[in-house]
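Please read the structure below before turning to the comments.
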Amino acid sequence: MQENAQTTSRALNALLRVRAWERAHLPLRDSIVALDIVALVGLHTVNNTPLSLKQLDLALPHSSSGIRKQLERLIEEGWLKLTTSTEDGRVRYVVAEKPLLLRLRRYSRLLLSTYGNDQTLGIGPATALS
């Protein structure tokens, strides 16, 4: 029982350290919606798989208005940008800007050093949207 309490304590302390880093270095403003947007758009940007506004809205478990509010703020502050599809001018993609990508690179190192890799955690890799 004591071992389980110590393991739980270590894990929760690690989580709190990561959350403190997020607050200090990511443009989240204590919003889980912003964290989900940043993570998903960042994933698609580094994988070079454009994410449309519609795909973003459908992929996240938040209200459209909540997503839109955070998205507008992140674009206004220069963390994300919108681009127009060359094939269909009606389709707009959300892309992470360089300053955000640099912070996400640091964030990914922090996550992997804190939690280990996906094999250590016993989870599969996240998948980008098609």
Side-chain angles (χ1 to χ4, degrees):
M1 187 68 157
Q2 181 64 19
E3 182 180 325
N4 287 339
Q6 289 174 345
T7 300
T8 301
S9 177
R10 281 194 346 263
L12 292 174
N13 276 310
L15 175 64
L16 292 172
R17 283 193 308 274
V18 168
R19 294 292 293 139
W21 191 95
E22 291 169 349
R23 283 191 300 281
H25 300 285
L26 294 177
L28 305 180
R29 297 213 185 140
D30 292 325
S31 169
I32 195 72
V33 177
L35 177 58
D36 284 352
I37 292 170
V38 163
L40 189 58
V41 172
L43 175 65
H44 279 271
T45 301
V46 299
N47 286 340
N48 200 27
T49 55
L51 181 69
S52 72
L53 286 171
K54 182 177 182 177
Q55 288 173 314
L56 178 67
D57 189 53
L58 293 174
L60 299 179
H62 309 292
S63 70
S64 293
S65 63
I67 293 169
R68 187 173 46 256
K69 177 182 174 186
Q70 291 299 323
L71 184 61
E72 288 171 358
R73 179 185 63 79
L74 291 165
I75 291 169
E76 184 178 294
E77 292 176 1
W79 300 107
L80 303 175
K81 70 177 177 181
L82 293 178
T83 62
T84 303
S85 169
T86 55
E87 291 85 31
D88 184 346
R90 299 170 297 174
V91 177
R92 298 189 343 159
Y93 298 111
V94 188
V95 180
E97 291 279 40
K98 188 173 182 175
L100 179 59
L101 291 173
L102 293 173
R103 290 185 187 206
L104 289 174
R105 188 174 299 135
R106 289 175 51 208
Y107 185 49
S108 66
R109 287 193 300 265
L110 171 69
L111 292 175
L112 290 174
S113 68
T114 301
Y115 299 125
N117 59 38
D118 55 358
Q119 288 81 28
T120 303
L121 297 173
I123 59 172
T127 56
L129 299 173
S130 305

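Position 1 is the first residue of the sequence, and the numbers go up from there.
- Minimum heavy-atom separation, Thr84 to Gly89: CG2-O, 3.3 Å.
- Remark: Ser9 OG to Asn13 CG distance equals 4.5 Å, nearest 0.5 Å.
- Rounding to the nearest 0.5 Å places CG of Leu40 at 9.0 Å from CD of Gln55.
- Taking CG of Leu26 as the start and CZ of Arg106 as the end, the distance is 9.0 Å to the nearest 0.5 Å.
- Other members of a hydrophobic cluster containing Leu16 are absent, since no ILVMFWY side chain comes under 4.5 Å of it, directly or through relayed contacts.
- Hydrophobic clustering (ILVMFWY, side-chain heavy atoms < 4.5 Å, transitive): Ile32 and Val94 are in one cluster.
- With rounding to the nearest 0.5 angstrom, the CD1 atom of Ile67 is 4.5 Å from the CG atom of Leu60.
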Side-chain polar contacts of residues 74-83 - donor-acceptor pairs under 3.5 angstrom, sequence neighbours left out - could you list them?
residue	atom	partner	partner atom	Å
Glu77	OE1	Arg73	NH1	3.1
Glu77	OE1	Trp79	NE1	3.3
Glu77	OE2	Arg29	NH2	2.4

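- Nearest approach of Leu35 to Arg19, heavy atoms of both residues: CD2-NH1, 4.3 Å.
- Rounded to the nearest 0.5 Å, atoms CG (Leu43) and CG (Leu104) are 10.0 Å apart.
- When side chains are defined from C-beta on, Pro61 counts as touching Asp36, because their heavy atoms get closer than 4.5 Å.
- Transitive grouping of hydrophobic side chains (ILVMFWY, heavy atoms separated by less than 4.5 Å) brings Val38 and Tyr115 into a common cluster.
- In terms of heavy-atom proximity, Arg103 sits nearest to Trp21 at O-CH2, 3.6 Å.
- Between the side chain of Thr45 and the backbone N or O of Ala96, at least one donor-acceptor pair lies under 3.5 Å.
- Between Ser52 and Val91, the shortest heavy-atom distance links the atoms CB-CG1, 4.1 Å.
- When all heavy atoms are compared, the tightest approach of Ala34 to Pro27 is CB-O, 4.1 Å.
- In the hydrophobic clustering of this structure, Val18 does not group with Leu102; members are Ile, Leu, Val, Met, Phe, Trp, Tyr whose side-chain heavy atoms approach within less than 4.5 Å, directly or through other members.
- The CG atom of Leu101 sits 10.5 Å away from the OG atom of Ser108 when rounded to the nearest 0.5 Å.
- Following chains of ILVMFWY side-chain contacts shorter than 4.5 Å, one cannot reach Leu53 starting from Val95, and the two form parts of different hydrophobic clusters.
- Applying the salt bridge (charged side-chain N to carboxylate O under 4.0 Å, His left out) test to Arg68 and every residue at least two apart in sequence or in another chain returns nothing.
- At a threshold of 4.5 Å between side-chain heavy atoms, the hydrophobic network of Ile, Leu, Val, Met, Phe, Trp and Tyr places Leu56 and Tyr93 in two separate groups.
- In the displayed structure, Asp88 atom CG is contacted under 6.0 Å by more than 12 heavy atoms of other residues, nucleotides or ligands.
- Between the side chain of Thr8 and the backbone N or O of Asn4 there is at least one donor-acceptor pair closer than 3.5 Å.
- Side-chain N or O atoms of Thr114 include none that pairs as donor or acceptor with a backbone N or O of Leu111 at under 3.5 Å.
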